[in-house]
Amino acid sequence: MDYDPQAIEARWRERWAEAGTYESDPPREADVGEDEDEDESGDDVDSDEVTGANAGDGREKTFVTVPYPYPNGGMHVGHARTYTVPDVYARYRRLQGDNVLFPLAWHITGTPIIGAVERLNSGEEEQLSILRDTYGVPENTLQELETPMGFARYFIEEHYKRNLQALGLSIDWRREFTTNDERYSKFVTWQYETLHDRGLLEKGLNPVNYCTNERQPVTTHDLLEGEEAEFQDYTLVEFGWKGEGSTGSDGGDDEDDRNDGDSEGGEPEADEVIVPMATLRPETVRGVTNAYVDPGAEYVLADVNGERWFVAATAAEKLALQQRDVSVIEEVSGERLVGERVENPVTGEDVLVLPATFVDAGNATGVVMSVPAHSPDDWIALAEAKADAERMERYGIDTAEVKEIEPRAIIDVEGFGEFPAKNAVEERNIDSSNDPRLVEATQDVYNREFHTGVLSAEYGEYAGEVVEDVREELREAYRERGAFDAMYEFTEEVVCRCGGAVEVSIQETWFLRYNDEAWMEKTREAVADMEAIPENTREQYYHTIDWLEEWPCIRNYGLGTELPWDPEFIIEPLSDSTIYMAYYTIAHRLDEIPPEELDRDFFDALFYGPEAVSDPDERALALREEWNYWYPVDFRCSATDLIPNHLMFFLYHHAELFDSTDWPGGITGMGMGLLEGSAMSSSKGHVVLPSDAIERYGADTVRFFLLNSSEPWQDFDWRAERVGDTRRQLERFWNRAEELIDGDASDAEATDGGEAVGVGGERLELDHTDRWLLSKLQTTIAEATRAMDDFQTRAASQATFFRFEEHLRWYRRRTDLDRPAARWTLRTVLEARLELLAPFVPFLTNELHERLTGRPAEDAGWPTVDPDLRDDRLELEERLVSRLTDDVRDIVEVTGTDPETVRVYVAADWKQRVFEQVVAAGPDPDVGSVMGAVMDNPDLRERGNEVNELVTSLVDVVRGRESDREAMTAVDECGTYERASDFLSREFDAAVEVYPEEDAVDPADRAESAQPLRPAIHIE
RNA sequence: GCGAGGGUGGCCGAGCCAGGUCAAAGGCGGCGGGCUUAAGACCCGCUCACGUAGGUGUUCAUGCGUUCGAAUCGCAUCCCUCGCACCA
């Protein structure tokens, strides 16, 4: 029968569903003792790190989870791997005899689904295209997707669940839920009330994207333009402007160069107006020589938190969004400030405000300070202002005063002269503010000054410090003195999908205190205790703990759980998904309990035991047993790029809320998926749907490709051609297996009843090739087991599938396959390989295994190494035969002859004795001491030089070889080659003669070059 | 820029942590041969260079270094990927 995955897979899916094969429960009393387990606990096989205690039936438990899918769109083949990795592990542990729980639920919290629905409802083309073309939603079902739950439900049922079931994932579906379920919310409520009580939540201010049209915060997903925009934290330097009538002259008097602290900042005088100048380089405040304002733009005089400010009209609105009371007193044009003098709050100096069209009134405050020594822009602008007397006069500015403005250097930078801006401009021959290279010059100066610039003497306590090291400190210090303020601004224009402008708003919010020292320490312990796979990710966990600040954990809108003490807010999606694995253990038994009874006490009793509350709910205590049995999570399979957030939160919350015995056992990070070499993208339609792939190749092929083409943490690349190759490989495997299974039936009669064969079986004589193959099987089992324990799906499947195929090729060449013993061997090997491959290709292996033995592979158990079948000597002997074959072939090829006779000479006895001495000298023999020992023997001493050469050469052979050193001296070379002579004759179509060196037919004098493990050869 | 990880033969990818059996697994592709009416499938061999005896030479991003010995250890340089938050 041809390999027909669709038919096979459908059958098994049905069987699993009907029997509830993957619905796992803690053992009931009745189960205890009645298990017929088959493992004699392999002592040679890596022992499984046993996780939590388990009552009952003698089985270990394994609890494996994966981040629940977020159904804001369909499922593609990249997702398929994410969920298949834990499935493979789950199946492996089940074969090892564990009681395994692999649950799944649906994450629908937050705004992505709501956003997707809104885009659909507003008829957005791109969204329609994604739904219709990429994910194949039928036209007439689109309306089902018009509500968030309808949308989620559709993709859960029609995409995720259907595909995951088609892939044969061994999920306990009784436990599924969504994060919007009432009972789940009760669980999250318990979690946040507990954290709140423990003081790990804190109220504070936080910048957010705010749509000025919808008058509410929006997420990155809601943006039409400016998704890349970042918050920029501007420093506002509060220059003072004394009355509107001030002229330049009266400012000149009190100019002083003492520029120390006593005249600094402080409270503005009653008639003073604050002109806040926005800058990203607060440390340049002592280099300010003048300021600029756009004379043609709209500005306002406004009351800001009780002070009078002069800012751009737009800035007044922004400031109002950033926690300030703003009321506009008067609308004025920028020209009002032109020609005025304003006082630097740090130096106390008065500087002149010049008109400039390059000032963007729409950015920050719309007024900027000028630091020509350190800003190429300002350098050029000042030069241009000096040159443009006419314009200055037009604004009533005394050109002499402008000419007097001199750059002031306040930062020393290596590689630049006194005025870095000047150097940067002159190096590039820039002489106009329109020169595009000005951007690069500015970048250059800014970067170098930041990293290597040293503040000059007038900076007092900061003098001599590198900018990078003290900028923040300096900024804070001046802020405290009232000289500085701050405001946020985007790096670029940001527009909401509704069309409204988005601005930075500062809102009150609740933070999780991930920088709490005690909490950090517990989390570090959790990291130290767990397995990090691959191990080289561990560093990143520690690092993230140090780096994480407070995390704002609530949102103003979206799906999810309300903040218990302030229901206006919703707990944010990453924050409501940190310990939900605990919820899996009880999810399927919560239906009986009304949500309102799932209160604080209920969960306290459940998670902390009967002593934790005064009147524990019996039902909670019953559920506690489920939780106790399954927890902790043994492995969480997630993605490496989630380490800085989700995985870290997962660890933090476990570390805080549960005892260390319930902390995660391990985390495996998964890599990303590519499609034909480039990133998948649902909006571009550059995805492959699992349903299509399964239909075309079969689920086993999809699984095998995903798990065998790279290790889980590496990126994989779905290439249709490669997937096709994988399908062909499985097909070949299937055909071979089937031949063997069918053939066996007829053989059975020929060999009277079959059945009775066994290693000790009377009629069955296993020859050395059979035993060799069985020995190889043991090595493979050990290798696969080790790999599976480390989640190395690729290494495991490579070993059992491809590399073992190599051994089989050799075996087929070497042996007479018509022998009953050969068929028995092949059958035995097939049986074991089906079990080893069962986690990867469960459909195919179960089917074949059942046909072969009467029961599915998944019921058979994971093979264990049989030490009696390991035979290093046999493996070494086969290697010698194989090398001899290669050597003869090489000689034939190089000489271009077609030999009639191949003579093989085995090294003389005395050489063998030398070899034994060399081997006896240990894994790192040195020539000198071996020679000493050898020369004690008078027979050998006679051979002098010859022995010396031999030892030198043999030392090389032996060095570093550990595992098979005993075998090396134990092999019977003559016997080995004689047994192989028929094989060699067939290979070369020539007569093969084997001689000991001492007693050889040796027409070409070659015998003497024979060495132990390296026979001499002569062909003619 | 900062943090983490990485650069292996035509491609994908083992090996590196625990230096010697490494010209370097396996897969794919390519070439030659077998089987077949033929194609496919399947089987065998070759696939860094040179070589009429199993060999020799030069390779594991680049350059130094440690060592009897380095793809494997150290340093420096160049390049790539991921993350840099309030978002799943």
Side-chain angles (χ1 to χ4, degrees), chain A residues 67 69-70 72 107 109-113 206-209 217 219-221 230-231 447 450-451 468 509 511-512 514 534-544 546-555 572-575 577 639-646 648 669 671-672 708-711 713-717 719 721-722 725-726 728-729 731-732 735-736 792 794-795 797-799 801-803 805-806 809 812-813 879 883-884 886-897 923-924 926-927 956-964 968 987 1004 1006 1009 1013-1019:
Chain A
Y70 201 101
N72 63 329
H107 197 199
T109 318
T111 55
I113 290 174
N206 184 47
V208 297
N209 298 338
T219 71
T220 318
H221 297 287
E230 288 170 31
F231 297 137
N447 273 335
F450 182 64
H451 296 294
E468 183 172 12
T509 190
F511 293 92
L512 281 161
Y514 290 136
E535 180 56 40
N536 64 16
T537 54
R538 192 185 300 277
E539 195 52 39
Q540 219 182 123
Y541 287 99
Y542 285 122
H543 217 271
T544 305
D546 294 334
W547 167 82
L548 267 178
E549 301 286 343
E550 295 163 319
W551 179 268
C553 62
I554 53 167
R555 289 299 101 91
E572 169 275 331
L574 282 173
S575 300
S577 301
T640 41
D641 56 355
L642 294 183
I643 292 174
N645 48 55
H646 167 256
M648 216 58 248
M672 309 188 309
N708 178 67
S709 61
S710 60
E711 300 293 3
W713 47 88
Q714 298 171 329
D715 294 350
F716 72 95
D717 188 1
R719 291 182 188 263
E721 228 179 300
R722 292 289 87 76
D725 293 334
T726 304
R728 232 172 297 132
Q729 298 274 12
E731 207 165 315
R732 179 169 62 167
N735 292 336
R736 277 263 161 68
Q792 295 176 28
R794 177 183 153 89
S797 56
Q798 285 276 335
F801 196 80
F802 292 106
R803 287 231 294 286
E805 205 57 51
E806 284 277 289
R809 270 208 285 277
R812 286 191 208 100
R813 268 168 82 185
R879 217 174 312 138
R883 208 173 67 181
L884 178 59
D886 288 346
D887 282 350
V888 173
R889 190 185 315 283
D890 198 13
I891 296 168
V892 167
E893 256 169 42
V894 172
T895 57
T897 52
D924 190 11
D926 87 283
V927 179
D956 251 3
V957 172
V958 170
R959 187 175 271 149
R961 264 167 93 154
E962 198 42 72
S963 55
D964 58 352
M968 283 193 292
E987 288 285 311
R1006 301 220 171 255
S1009 63
L1013 304 189
R1014 194 162 179 290
I1017 301 164
H1018 175 236
I1019 65 172

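Keep in mind that this is a model prediction, so the values were computed, not measured. Each chain gets a letter, A, B and so on, in the order its sequence line appears, and its residues count up from 1. Every heavy atom of this structure was used, including side-chain atoms; hydrogens, water molecules and symmetry mates were not.
In the set rG54(B), rA53(B), rC86(B), rG54(B) carries the atom at the smallest distance from any side-chain atom of A1016(A). When distances are taken from the side chain of T895(A) to each of rG26(B), rA53(B), rC28(B), the shortest belongs to rA53(B). If you check rC87(B), rC82(B), rU52(B) against the side chain of D641(A), the one that comes closest is rC82(B). Out of rC42(B), rC86(B), rA53(B), the shortest distance to the side chain of R736(A) is found at rC42(B). Listed nucleotides rU52(B), rG54(B), rG83(B) differ in distance to P644(A); the shortest reach to its side chain belongs to rG83(B).
Salt bridge absent: R736(A) and E731(A) never bring a charged side-chain N and a carboxylate O closer than 4.0 Å. Contact check on R809(A) versus E806(A) returns a salt bridge, with a Lys/Arg side-chain nitrogen under 4.0 Å from an Asp/Glu carboxylate oxygen. Salt bridge present: R813(A) and E987(A) bring a charged side-chain N and a carboxylate O closer than 4.0 Å.
Among the protein residues, I1019(A) comes within range of the nucleic acid bases, having at least one heavy atom under 4.0 Å from a base atom. Using a 4.0 Å heavy-atom distance criterion, I643(A) is classed as making no nucleic acid contact. Nucleic acid contact for H646(A): none, since no nucleic acid atom lies under 4.0 Å from a heavy atom of the residue. Residue contacts for P69(A): at a heavy-atom cut-off of 4.0 Å it reaches no nucleic acid atom on any strand shown. Residue Q729(A) is classed as a sugar-phosphate contact, given heavy-atom separations below 4.0 Å to backbone atoms only.
Base pairing annotation: rG57(B) forms a Watson-Crick or G-U wobble pair with rC48(B), both donor-acceptor distances under 3.5 Å. In this structure, rG74(B) forms a base pair with rC64(B), meeting either the Watson-Crick or the G-U wobble geometry with both donor-acceptor distances under 3.5 Å. In this entry rA23(B) has no Watson-Crick or G-U wobble partner, no candidate having both defining distances under 3.5 Å. Judged by Watson-Crick or G-U wobble contacts below 3.5 Å, the nucleotide rA14(B) has no partner. Within the shown strands, nothing qualifies as a pairing partner of rA41(B) under the Watson-Crick or G-U definition with both distances less than 3.5 Å. The base-pairing partner of rG83(B), taking Watson-Crick or G-U wobble contacts with both distances under 3.5 Å, is rC2(B).
Checked by atom type and distance alone, the side chain of T537(A) pairs as donor or acceptor with a backbone atom of P534(A) at under 3.5 Å. Looking only at distances, no side-chain donor or acceptor of Q792(A) sits under 3.5 Å from a matching main-chain atom of R794(A). Of the possible polar contacts, none joining the R722(A) side chain to the D717(A) backbone as a donor-acceptor pair under 3.5 Å is found. Checked by atom type and distance alone, the side chain of Q540(A) never pairs as donor or acceptor with a backbone atom of P644(A) at under 3.5 Å.
Using C1' as the reference atom, rA71(B) and rG9(B) are 12 Å apart when rounded to the nearest Å. rU72(B) and rC17(B) have their C1' atoms separated by 10 Å, with the value rounded to a whole Å. Using atom C1' as the reference point in both rC16(B) and rA70(B), the two lie 10 Å apart (nearest Å). Comparing the C1' positions of rC46(B) and rG51(B) gives a spacing of 16 Å, expressed to the nearest Å. Taking atom P on both rA14(B) and rG26(B), the two are 15 Å apart, rounded to the nearest angstrom. Distance check on atom C1': rG27(B) versus rU47(B) gives 15 Å, rounded to whole Å. rG83(B) and rA24(B) have their P atoms separated by 39 Å, with the value rounded to a whole Å. Comparing the P positions of rC87(B) and rC28(B) gives a spacing of 47 Å, expressed to the nearest Å.
Whole-Å rounding puts the E987(A) CD to rG34(B) P distance at 16 Å. Between the CG atom of L1013(A) and the C1' atom of rG54(B) there is a distance of 15 Å, rounded to whole Å. Distance W547(A) CH2 to rC82(B) C1': 13 Å, rounded to the nearest Å. Taking atom CD1 of residue I891(A) and atom C1' of nucleotide rA53(B), one finds them 5 Å apart after rounding to whole Å. Atom P of nucleotide rG27(B) and atom CG of D725(A) are separated by 12 Å, given to the nearest angstrom. Protein atom CD of E806(A) is 11 Å distant from nucleotide atom P of rC43(B), rounded to whole Å. Taking atom CZ of residue R732(A) and atom P of nucleotide rG26(B), one finds them 14 Å apart after rounding to whole Å. Distance E721(A) CD to rC28(B) P: 12 Å, rounded to the nearest Å.
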| query | What do the steps show when you test F802(A) against Q729(A) for side-chain contact (heavy atoms from CB on, under 4.5 Å), and what is the final call? | reply | CA-CA 9 Å; F802(A) 292 106; Q729(A) 298 274 12; 3.5 Å; yes

| request: Could you go through the side-chain contact (heavy atoms from CB on, under 4.5 Å) check for I554(A) and F511(A) one step at a time? | output: CA-CA 8 Å; I554(A) 53 167; F511(A) 293 92; over 6 Å; no

| query | Where do D886(A) and D890(A) land on the side-chain contact (heavy atoms from CB on, under 4.5 Å) test, with the steps shown first? | reply | CA-CA 6 Å; D886(A) 288 346; D890(A) 198 13; over 6 Å; no

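Here the shortest heavy-atom pairing between L512(A) and C553(A) reads CD1-CB, 3.8 Å.
Closest-nucleotide positions on RNA chain B for R879(A) and M672(A) were compared, and the one nearer the 5' end corresponds to R879(A). Sequence order on RNA chain B of the closest nucleotides to R722(A) and E805(A) puts R722(A) first from the 5' end.
With sequence neighbours excluded, the residues that form a side-chain contact (heavy atoms from CB on, under 4.5 Å) with R728(A) are D725(A).
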Atom pairs, protein N/O to nucleotides 45-51 of chain B N/O, distance under 3.5 Å:
unit_1, atom_1, unit_2, atom_2, d
rG45(B), OP1, R813(A), NH1, 2.8

| query | What string of B, S and - do you get for nucleotides 4-18 of chain B, 5' to 3', if B is base contact, S is sugar-phosphate-only contact and - is no contact with any protein heavy atom under 4.0 Å? | reply | SSS------SS----

